[in-house]
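What follows is a short report on a single structure.
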Amino acid sequence: MPSACDSPIDDIEDMVSADDPTPQERQYARKSIVPRARKRNTQQTTEVLQADSVIPGMQKIWMRTWGCSHNNSDGEYMAGQLAASGYKMTEDPAEADLWLLNSCTVKNPAEDHFRNSIKKAQEQDKKVVVAGCVPQAQPRMDYLKGLSIIGVQQIDRVVEVVDEAVKGHSVRLLGQKKDNGKRLGGARLDLPKIRKNPLIEIISINTGCLNACTYCKTKHARGDLASYPVEELVERARQSFQEGVCEIWLTSEDTGAYGKDIGTDLPTLLWRLVEEIPEGAMLRLGMTNPPYILEHLEEMSKILNHPRVYAFLHVPVQSASDSVLMDMKREYCADDFRRVADFLKDKVPGITIATDIICGFPGETDADFQETCDLVKEYRFPSLFINQFYPRPGTPAAKMTQVPAQVKKQRTKELSTLFHSYNPYHHKIGETQLVLVTEESFDSQYYVAHNKYYEQVLVPKRSEFKGKMIEVEIFEAGKHFLKGRPLDGSEVFTPSIAEPLQQGEVSGLSQEQLSLQQNGSVPSSGVLTVSWSPWSLDREGLKLLSIGLAVVAILVVFMWEKLH
C-alpha cells in the first residue's frame with residue numbers, strides 16, 4: 001500500500017492535524033523548552049544529541065523567481081512568511097535543503113529554465129516546492145508529478161506546504177479564494193515579506209484580467225479580474241513608507257482594469273495613494289492595456305503630471321496591424337493605441353511610453369509586420385519589449401497556422417535593429433534633473449536612479465545617495481541610460497519617514513514577533529505568557545496556552561528533581 005509520501009494530498013488539512021503547532025508556536029516553543037536533567041549512568045557511553053533533520057522550520061531555503069513584478073511580489077511574500085516562521089533564506093542554492101521555484105508561463109524559455117531547475121534540484125537531492133503560473137495553469141505536467149505546489153492564490157499558506165515538503169509529503173494547493181461566492185484578489189496584503197530591494201515596495205492591486213487574448217497562458221493561471229479594496233491598498237502603501245520605502249510599484253496583469261469588479265476605478269485609487277506619498281518618494285504605475293486607459297485619459301494625464309508620480313506608462317500594443325490584433329482578440333485597434341499615446345504625449349510633456357511587440361504571431365504577413373515597424377519609426381519608443389512569438393500549450397494561438405520559425409527570427413532581428421538605430425536620450429545631455437536613487441547597477445560601478453520620466457540615470461556610488469532624491473547634470477547618454485553628475489551644494493531630499501529595513505529583513509511583523517526575532521528568546525520572565533479571556537479564546541489561543549502549560553510543567557519537573 002502506498003504511503004502518504006507516495007501520493008499527493010488534495011489539501012493540507014488532510015496532512016496537518018488540529019493538534020499540530022502553528023509556525024508562531026514553533027518559534028516560541030523552540031526558544032522556551034528547557035531540557036529535563038538526566039541521572040548520570042556511568043556504565044553507558046555519552047549520548048550525543050542528534051538534531052532531527054526533518055523537523056520543519058530548521059532548514060535553509062533557496063528561492064528563485066521568474067517573470068513579472070507581480071510574480072516578484074508573490075516571491076517576496078513567500079520569503080517573508082518562511083523567514084518569520086523560522087526558516088533561513090539563503091542566496092546559495094548549494095547549501096539549501098529545499099528549493100522554492102516561483103515560475104512564469106508567459107514564454108517557452110522561462111518555463112524551460114523552470115523545468116531545468118527542478119531537474120537540477122532533484123539531481124542534487126534537494127526538496128522541491130513549486131509555485132507561480134506554470135503549475136497553476138498545468139499542474140498535471142509530467143515533470144511536476146510528486147512535487148508540492150503552491151497556487152498563485154495560496155501563497156499565504158507557503159509555510160504549511162514547505163513544512164510538509166521537508167517531511168517528504170506531496171501537497172498541492174491550487175484552489176481559488178472566495179468570499180460569499182465572489183472571487184478574491186488573492187492572499188492578504190498585510191502578510192510578512194522580504195523585499196528584494198528594501199527601498200522598493202511592489203503592490204499587486206488586482207489579479208487576473210478581463211481579456212481573453214488568444215496567445216496568453218497567464219490567464220489560465222491568474223483567471224478573471226479580482227481587485228483589492230482601495231483601503232487595503234492605501235494601508236499597504238502607508239505601512240511601506242513607515243518601513244523606509246521610497247518607491248512604490250503598482251502591478252497586476254492589467255492595472256487599467258482595476259476596480260471594475262468592485263465598483264471603483266484606477267484614478268480613484270491613485271488619488272488616494274498620492275495622499276500617502278511623502279515628498280521625495282515616487283509612485284510607478286504598472287502595465288495597462290489600451291481599452292481601459294482610454295476611459296480615463298484626462299484624469300490619468302493629471303495623475304501622471306503629479307510631482308510624486310513617474311510620468312511613465314507601459315501600454316502594450318503587440319502589433320500595429322488591425323488584422324493581427326483581431327486574431328489576438330486584443331479588443332482595440334491600432335488607432336486606439338495612437339489615441340492613448342498622442343493624448344498623453346500632449347498632456348504630459350516628456351512622458352515615457354513603453355510598449356510590447358510580438359513578432360511572428362500566427363497569420364502575420366509581411367505587410368502586417370511593416371505596419372508595426374512604421375509605428376516604431378513614428379513613436380521611437382525609448383523602451384520597447386520585443387518578443388518572438390511562442391505558441392503556449394492550451395492557448396487558441398497554438399492551434400493556428402504558425403509563421404515559419406526562420407521568419408519569426410528574422411522579423412525579431414529586424415525590429416531589434418530598428419529599435420537600436422536611434423538614441424532617445426541624446427538631446428537630454430546638459431539638462432539638470434532631480435533623480436531618486438534606489439539600487440546598484442548590474443556591474444556594481446554605479447548607483448541607479450530614475451528621473452521624473454522613469455529614465456535610468458547612473459550616478460556616482462556614494463552611500464549618502466542611497467534612497468535619496470538628488471539633483472544632477474546629465475553629461476552622457478546611451479541607448480538605455482543617462483549619466484548624471486551631482487550638483488555641488490544642491491539640496492538632498494530624504495523621502496523616508498523611517499530608516500529602511502536591512503537587506504533580508506522581514507517586513508510586516510508584529511511588535512511581538514519583532515521582539516522575538518531581535519532578542520532570540522522568550523520574554524524576560526522565561527515563561528511563555530498567554531493573554532486570554534473565556535469569551536475570546538480560540539483554537540490558536542488554546543494551542544498557545546497548552547504550550548505555555550507544557551513549558552511550566554517541564555520547569556516544575558526540573559526543579560523537583562533538583563530538590564530531590
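Computation of the quantities below employed the complete heavy-atom set of this structure, encompassing side-chain atoms and omitting hydrogens, waters and symmetry-equivalent molecules.
Between F312 and H450, a ring centre-to-centre spacing not shorter than 6.0 Å is recorded.
Checked for salt-bridge contact, E111 and K217 miss the test: no charged N lies under 4.0 Å from a carboxylate O. Here D74 pairs with R222 in a salt bridge; the nearest charged N to carboxylate O distance falls below 4.0 Å.
Other residues, nucleotides and ligands contribute at most 12 non-hydrogen atoms within 6.0 Å of the NZ atom of K196. Other residues, nucleotides and ligands place more than 12 heavy atoms under 6.0 Å from the NZ atom of K479. Crowding of E91 atom CD: a count of heavy atoms from other residues, nucleotides or ligands under 6.0 Å not exceeding 12. Within a 6.0 Å sphere centred on OH of Y446, other residues, nucleotides and ligands contribute 12 heavy atoms or fewer. Atom CD of Q502 has 12 or fewer heavy atoms from other residues, nucleotides or ligands within 6.0 Å.
When side chains are defined from C-beta on, N116 does not count as touching Y143, because their heavy atoms never get closer than 4.5 Å. Taking the side chain as every heavy atom from C-beta outward, L434 and I470 never approach each other to under 4.5 Å. In this structure, the side chains of Y292 and D254 come closer than 4.5 Å at one or more pairs of heavy atoms. Under the 4.5 Å side-chain criterion, counting only non-hydrogen atoms from C-beta, Q124 is in contact with K120. The side-chain heavy atoms of V134 and F114, taken from C-beta on, include a pair separated by under 4.5 Å.
Between the side chains of R392 and T105, a donor-acceptor pair is found at a separation under 3.5 Å. Counted by atom type alone, D92 and T90 present zero donor-acceptor pairs between their side chains at under 3.5 Å. Looking only at atom types and distance, the side chain of W271 has a donor-acceptor partner in the side chain of E299 under 3.5 Å away. Side-chain atoms of T438 and E247 include no donor-acceptor pair closer than 3.5 Å.
With sequence neighbours left out, the side-chain contact (heavy atoms from CB on, under 4.5 Å) criterion links R236 to Y77, L189, K193, R195, E201, I203, Q239, S240, S507. Remark: K126 pairs with no residue by the side chain to side chain donor-acceptor pair (under 3.5 Å) rule, at least two apart or across chains.
From L210, atom CG reaches atom CG of D224 across 7.5 Å, with rounding to the nearest 0.5 Å.
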